[in-house]
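Lettering of chains follows the sequences in order, A, B, ..., and the numbering in each one begins at 1. Just so you know, these numbers come straight off a predicted model, no measurement behind them.
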Amino acid sequence: MTGSADLVGLLERPVLDVAPRLLGALVTHAGVTIRLTEVEAYDGAEDPGSHAYRGRTRRNATMFGTPGHVYVYFTYGMHHCANVVCGPEGVPAAVLMRAGDVVAGVDLARARRNGAPDRDLARGPARLCQALALDTSHDGASLAGPDLLLQPRSRALARGRVSTGPRVGLRLAADRPWRFWLTDEPTVSAYRPAVVRTTRRRVDGGPSTE
DNA sequence: CTACCGATATTCT
DNA sequence: GAATATCGGTAGA
């Protein structure tokens, strides 16, 4: 059996069904395998928090493509984040891979993460990309292997294993509980509410005061 | 542990 | 110009 037909079948389901089913899945790339412990759903058609909410751009084009590929974007001038593209072609849904735990290739992951504690090797979406050596050159790549491989778990999780809550760092649609994680996993990233405002007005010109 | 801050691509206003 | 699906360093409790 090819797993890839199964993979696409899974990913064509509504993204809110897909997201929790990806918990515990294995992702392998460049010599490192992680087990997903935390994900977030983005439903571009109706989701103000999604990159695709305002339509297609060069950056988010992969979200509109066929399921089973990876959408990788660069953000904050510094970090990469990777999503599993879901839904039928043309529907810009995706699941952001927020955290995982390294189950193979730990030495490589440690080297890429520059001495971080093992718990932090793939804790947070940008750290996860660093551990797996994913960047925008992989945007649009297939998750069916062999280079990049997503293996959904085959067994159901025990009751109570999945927790849900608000997504991290969004200002818009912050109330939607579309983040899913494995209960009590130490590798789940810390929740940070969106920055309320950058408020950073610089004092122009002059000395102030008074 | 919390809080701030800088790095700066991409998109929006 | 300002905001953002972030992180690592530093400072302080």
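Judged purely by atom type and a 3.5 angstrom limit, A/Asn83 has no side-chain atom pairing as donor or acceptor with the backbone of A/Val85. A distance-only check finds a donor-acceptor pair linking the side chain of A/Asn60 to the backbone of A/Gly55 [under 3.5 Å]. Of the possible donor and acceptor atoms, one in the side chain of A/Arg123 sits under 3.5 Å from a partner among the backbone N and O of A/Val188.
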What are the atom names and distances for every N/O pair under 3.5 Å that joins the protein to nucleotides 9-13 of chain B?
unit_1: B/dT11; atom_1: OP1; unit_2: A/Thr57; atom_2: OG1; d: 3.0
unit_1: B/dT11; atom_1: OP1; unit_2: A/Arg59; atom_2: N; d: 2.9
unit_1: B/dT13; atom_1: OP1; unit_2: A/Arg54; atom_2: NH1; d: 3.3

What nitrogen or oxygen pairs link the protein and nucleotides 10-13 of chain C at under 3.5 Å?
none

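Distance A/Arg192 CZ to B/dC4 C1': 12 Å, rounded to the nearest Å. Between A/Tyr53 atom OH and C/dA3 atom P there is a gap of 19 Å when expressed in whole angstrom units. When the C1' atom of B/dA7 is taken as reference, atom NE2 of A/His80 falls 13 Å away, rounded to whole Å. The interatomic distance linking A/His79 (NE2) with B/dT8 (C1') rounds to 10 Å, in whole Å.
For the segment residues 124-138 of chain A, the set of residues with a heavy atom within less than 4.0 Å of an atom of DNA chain B is empty. Contacts of residues 23-31 of chain A with DNA chain B (heavy atom under 4.0 Å): none. A heavy atom lying under 4.0 Å from DNA chain B marks none of the residues of residues 87-116 of chain A. Interface residues of residues 172-187 of chain A facing DNA chain C, ordered by number: none; criterion, heavy-atom separation under 4.0 Å.
For A/Leu172, the side chain to side chain contact (heavy atoms under 4.5 Å, CB included) criterion is met by A/Pro48, not counting sequence neighbours. Applying the side-chain hydrogen bond (donor to acceptor under 3.5 Å, both in side chains) rule to A/Arg179 yields the partners A/Glu38; only residues at least two apart in sequence or on another chain are considered. Remark: A/Tyr73 pairs with A/His51, A/Tyr71 by the ring pair (Phe, Tyr, Trp, His ring centres under 6.0 Å) rule, at least two apart or across chains.
Listed by first then second residue, pairs satisfying ring-ring contact (aromatic ring centres under 6.0 Å, His included) with a partner in residues 129-151 of chain A read A/His29-A/His138, not counting sequence neighbours.
Side-chain contact, A/Thr62 with A/Asp139: a donor N or O sits under 3.5 Å from an acceptor N or O.
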Taking Watson-Crick (N1-N3 plus N6-O4 or O6-N4) and G-U wobble (N1-O2, O6-N3), each under 3.5 Å, can you produce the dot-bracket string of DNA chain C? Use [ ] for crossing pairs and | for inter-strand ones. ||||.|||||||.
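Comparing the P positions of C/dA5 and B/dT13 gives an interatomic distance of 14 Å, to the nearest angstrom.
Electrostatic pairing of A/Glu40 and A/Arg98 counts as a salt bridge here, judged by a charged N lying under 4.0 Å from a carboxylate O. Taking a cutoff of 4.0 Å between a charged side-chain nitrogen and a carboxylate oxygen, A/Asp120 and A/Arg113 do not qualify as a salt bridge. Between A/Asp175 and A/Arg167, no side-chain nitrogen of the basic residue sits less than 4.0 Å from a carboxylate oxygen of the acidic one, so the salt-bridge criterion is not met.
The hydrophobic cluster around A/Leu26 extends to A/Val103, counting ILVMFWY residues whose side-chain heavy atoms fall within less than 4.5 Å of a member.
Taking the centre and axis of the six-membered ring of A/Tyr42, the NZ or CZ atom of A/Arg176 falls outside the cone set by 45° and 6.0 Å.
Using a 4.5 Å cut-off between side-chain heavy atoms of Ile, Leu, Val, Met, Phe, Trp and Tyr, with links allowed through other members, A/Val15 and A/Val39 fall into the same hydrophobic cluster. Linking ILVMFWY residues whenever their side-chain heavy atoms come closer than 4.5 Å, directly or via other members, places A/Val72 and A/Leu143 in the same cluster.
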